[in-house]
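Taking it in order: structure first as structure tokens, then the write-up.
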Amino acid sequence: MADEFRIDTPYLPGEKGCRFTWIIHEDDEKTLYLRHNDLLELNDVLTHGSSAKIEMEDGASSILVNSDVTDFFIAGEKHMKIETLALKVALRNFMKNNPDAWD
């Protein structure tokens, strides 16, 4: 598992979606951008406790949600993972605190 994981708003104001960022160590981080539809699909899968593979808009990245661990495959990078329950809680908090990112 990565040292630190966070969900942030997109770089562009008014853009819907989010950024998932893993801090590997102080000078190395990996970021995956989720567009609006990808964010809604991931939230739906997590809300229903489903397993699914979400293909990202770039066509090269994907998210594989399982009951215990969710794997993030970022184009050209080593895959990252996070416990599915931790992801569900973090995403629920993000969406509650950032309605403009998804609503």
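This chain uses plain numbering: 1 for the first residue, then up along the sequence. Side chains included, hydrogens not; waters and symmetry mates left out as well; all remaining heavy atoms used.
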Lys30 side, atom NZ; Leu32 side, atom CG - distance, nearest 0.5 Å: 12.5 Å
Side chain proximity check, Arg35 to Glu15, heavy atoms < 4.5 angstrom: yes
Test side chain to side chain contact (heavy atoms under 4.5 Å, CB included) applied to Phe73 and Met80, His79, Lys53, the passing residue: His79
Worked check of side chain to side chain contact (heavy atoms under 4.5 Å, CB included) between Ser50 and Val45: CA-CA 5 Å; Ser50 307; Val45 168; 4.1 Å; yes
Intermediate values then yes/no, side chain to side chain contact (heavy atoms under 4.5 Å, CB included), Glu83 and Lys88: CA-CA 9 Å; Glu83 292 177 11; Lys88 183 177 181 176; over 6 Å; no
Thr47/Arg92 under side chain to side chain contact (heavy atoms under 4.5 Å, CB included): CA gap, chis, key distance, verdict: CA-CA 9 Å; Thr47 299; Arg92 181 177 41 219; over 6 Å; no
Phe20 and Phe72 aromatic ring geometry - parallel, tilted or perpendicular at 30°/60° bounds: tilted
Exercise: identify the closest heavy-atom pair between Met95 and Leu40: CE-CD2, 4.4 Å
Euclidean distance, Ile7 CD1 relative to Thr21 OG1, rounded to 0.5 Å: 9.5 Å
Atom pair CG/OG of Asp71 and Ser62 - distance to nearest 0.5 Å: 9.0 Å
Spacing of Ile54 atom CD1 and Asn37 atom CG [to the nearest 0.5 Å]: 11.0 Å
Side-chain touch Glu4/Ile24, heavy atoms, less than 4.5 angstrom: no
Given Val69, Asp68, Thr70, the one that forms side chain to side chain contact (heavy atoms under 4.5 Å, CB included) with Asn66: Asp68
Side-chain donor or acceptor of Ser61 paired with backbone N/O of Ala75 under 3.5 Å: yes
Over 12 foreign heavy atoms within 6.0 Å of CZ, Arg19: yes
Side-chain (Asn98) to main-chain (Phe94) donor-acceptor, under 3.5 angstrom: yes
Separation between NZ of Lys96 and CG of Leu91, rounded to the nearest 0.5 Å: 13.5 Å
Side chain to side chain contact (heavy atoms under 4.5 Å, CB included) assessment of Leu34 paired with Ile63: CA-CA 10 Å; Leu34 272 77; Ile63 302 170; 4.1 Å; yes
Donor-acceptor under 3.5 Å (Asn43 side chain, Leu39 main chain): no
Cluster link Ile82 to Leu64, ILVMFWY, side chain under 4.5 Å: no
Main-chain N/O of Phe5 paired to Trp22 side chain as donor or acceptor, under 3.5 Å: no
From CD (Glu41) to CG (Leu46), nearest 0.5 Å: 10.5 Å
